[in-house]
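The model shown is predicted, which means the values in this text are computed figures rather than measured ones.
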Amino acid sequence: MGVDEALLESAISRGEPTLRFYGWQGAWLSLGYGQGDMRPGRRQEFRQAGVGCVWRVTGGRAVLHGGDLTYAVAAPAHRLPEGLQPTYALIADALVEALAELG
């Protein structure tokens, strides 16, 4: 998730969007922005259970990863269309094109 943050900073400074795909080794729990405050010792409990834990800069709830393909989009706001629906459509088109290129 740190890579995603760096990509966002880069996208903002360069003015260019980035699409990144990545996978997970083992079980990982990614927590959304609002879930970043975890009681002390909670990460240790996850480790003992064999589950890694990371924090996302984006919102949403916890997502359990393992064996899935994950993507991140980092883009400066001025490169995105107005409104949620057109933004989702733009990202969906980019995903379709990128996945087609990957085969």
Side-chain angles (χ1 to χ4, degrees):
M1 298 294 158
V3 172
D4 293 343
E5 287 185 64
L7 287 174
L8 178 57
E9 290 175 19
S10 176
I12 291 169
S13 68
R14 290 182 306 115
E16 292 294 323
T18 301
L19 172 61
R20 174 173 96 102
F21 290 104
Y22 56 97
W24 303 82
Q25 291 184 350
W28 283 82
L29 185 66
S30 66
L31 301 174
Y33 179 80
Q35 298 175 308
D37 295 330
M38 211 184 291
R39 68 176 167 77
R42 189 63 180 206
R43 289 188 192 271
Q44 180 63 29
E45 292 173 3
F46 286 129
R47 275 193 287 274
Q48 289 174 344
V51 177
C53 186
V54 295
W55 178 74
R56 296 188 310 276
V57 295
T58 58
R61 298 194 181 258
V63 177
L64 182 61
H65 300 277
D68 55 315
L69 178 65
T70 303
Y71 72 90
V73 174
H78 74 273
R79 294 293 306 264
L80 299 173
E82 291 279 331
L84 195 55
Q85 189 84 18
T87 298
Y88 279 150
L90 178 71
I91 292 170
D93 290 343
L95 287 170
V96 168
E97 184 178 327
L99 289 170
E101 286 183 28
L102 291 173

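- When the shell of 6.0 Å around CD of Gln44 is examined, it contains more than 12 heavy atoms from other residues, nucleotides or ligands.
- Hydrophobic cluster of Leu80: the remaining members, joined at side-chain heavy-atom separations below 4.5 Å, are Leu90, listed by chain and number.
- Annotation for Val3: hydrophobic cluster partners, listed by chain and number, are Leu7 (ILVMFWY side-chain heavy atoms under 4.5 Å, direct or chained).
- The main-chain N or O of Gly83 is found under 3.5 Å from a side-chain atom of Thr87 such that the two form a donor-acceptor pair.
- Note: the hydrophobic cluster containing Val54 also contains Tyr22 (ILVMFWY, side chain heavy atoms under 4.5 Å, direct or indirect links).
- Residue Pro76 comes nearest to Pro17 through the heavy atom pair CD-N, 4.2 Å, listed as atom of the first residue, atom of the second, then distance.
- Every residue two or more places apart in sequence or in another chain that forms a salt bridge (charged side-chain N to carboxylate O under 4.0 Å, His left out) with Arg20 is listed here: Asp4.
- Contact of the Leu29 side chain with the Leu31 side chain is registered, since non-hydrogen atoms from C-beta on lie closer than 4.5 Å.
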When the side chains of residues 57-74 are checked against the rest of the protein, which donor-acceptor pairs come out under 3.5 Å, sequence neighbours left out?
{"unit_1": "Thr58", "atom_1": "OG1", "unit_2": "Arg56", "atom_2": "NE", "d": "3.4"}
{"unit_1": "His65", "atom_1": "ND1", "unit_2": "Trp24", "atom_2": "NE1", "d": "3.3"}
{"unit_1": "His65", "atom_1": "ND1", "unit_2": "Asp68", "atom_2": "OD2", "d": "2.9"}
{"unit_1": "His65", "atom_1": "NE2", "unit_2": "Ser30", "atom_2": "OG", "d": "2.8"}
{"unit_1": "Asp68", "atom_1": "OD1", "unit_2": "Gly66", "atom_2": "N", "d": "2.8"}
{"unit_1": "Asp68", "atom_1": "OD2", "unit_2": "Thr70", "atom_2": "OG1", "d": "3.4"}
{"unit_1": "Thr70", "atom_1": "OG1", "unit_2": "Trp24", "atom_2": "NE1", "d": "2.7"}

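- Atom OH of Tyr88 has 12 or fewer heavy atoms from other residues, nucleotides or ligands within 6.0 Å.
- Counting only residues at least two apart or in different chains, side-chain hydrogen bond (donor to acceptor under 3.5 Å, both in side chains) contacts with residues 72-84 comprise Glu16-Arg79.
- Its side chain within the 4.5 Å cluster rule, Ile12 clusters with Leu8 among the Ile, Leu, Val, Met, Phe, Trp and Tyr residues.
- Atom CD of Glu45 is separated from atom SG of Cys53 by 11.0 Å, given to the nearest 0.5 angstrom.
- Residue Gly32 comes nearest to Trp55 through the heavy atom pair O-NE1, 3.5 Å, listed as atom of the first residue, atom of the second, then distance.
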